[in-house]
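Written out below as structure tokens is the structure these notes cover.
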Amino acid sequence: MGTCEVCGNEYDKAFTVITAEGEEHTFDSFECAIHAIAPACVHCNCRIIGHGIDDGENMYCCASCAKHMEAHAFADRS
């Protein structure tokens, strides 16, 4: 049985995510995993659960948010 690091729920189907940096995190749901480790858009602050785009230092959920922040050289990571 694992314990979710976000909500504290003890759950027999908890899962562990290992990030690219090698950090281990345990969650009881994808909702908690997204809340804890998904990057946030610097314009609207929504969690980026798809590809998103970045300008080298900031991440955006979409091209519209990047344009609102006047990012010019951004890459679509799809």
Name all pairs fulfilling the side chain to side chain donor-acceptor pair (under 3.5 Å) condition that reach into residues 30-50, sequence neighbours left out, sorted by first residue then second.
none

Apart from Ile37 itself, what residues make up its hydrophobic cluster, given side-chain heavy atom links below 4.5 Å?
Val6, Phe15, Val17, Phe27, Phe30

Find the distance between CE (Met69) and CG (Asn58) and round it off to the nearest 0.5 Å.
6.5 Å

Rounded to the nearest 0.5 Å, what separation is found between the SG atom of Cys41 and the CD1 atom of Ile53?
8.5 Å

Note: with side-chain heavy atoms under 4.5 Å as the link, the other cluster members for Ile49 come out as Ile34

Partner residues of Glu70 under the side-chain contact (heavy atoms from CB on, under 4.5 Å) criterion, sequence neighbours left out:
His72

Once side chain to side chain donor-acceptor pair (under 3.5 Å) is applied, what residue pairs with a partner in residues 3-15 remain, sequence neighbours excluded?
Glu5-His25, Asn9-Asp28

Set of residues satisfying side-chain hydrogen bond (donor to acceptor under 3.5 Å, both in side chains) with respect to His68, sequence neighbours excluded:
none

Locate the shortest heavy-atom distance separating Ala14 from Thr26; write the atom from each residue and the value.
CB-CG2, 4.1 Å

Are Cys4 and Ser29 packed together at the side-chain level, in the sense that at least one heavy-atom pair is separated by less than 4.5 angstrom?
no

Quick one: pull up OG1 in Thr16 and CD in Glu23 and give me the separation to the nearest 0.5 Å.
13.5 Å

If I take atom CE from residue Met59 and atom CG from residue Asp54, how far apart are they, to the nearest 0.5 angstrom?
6.0 Å

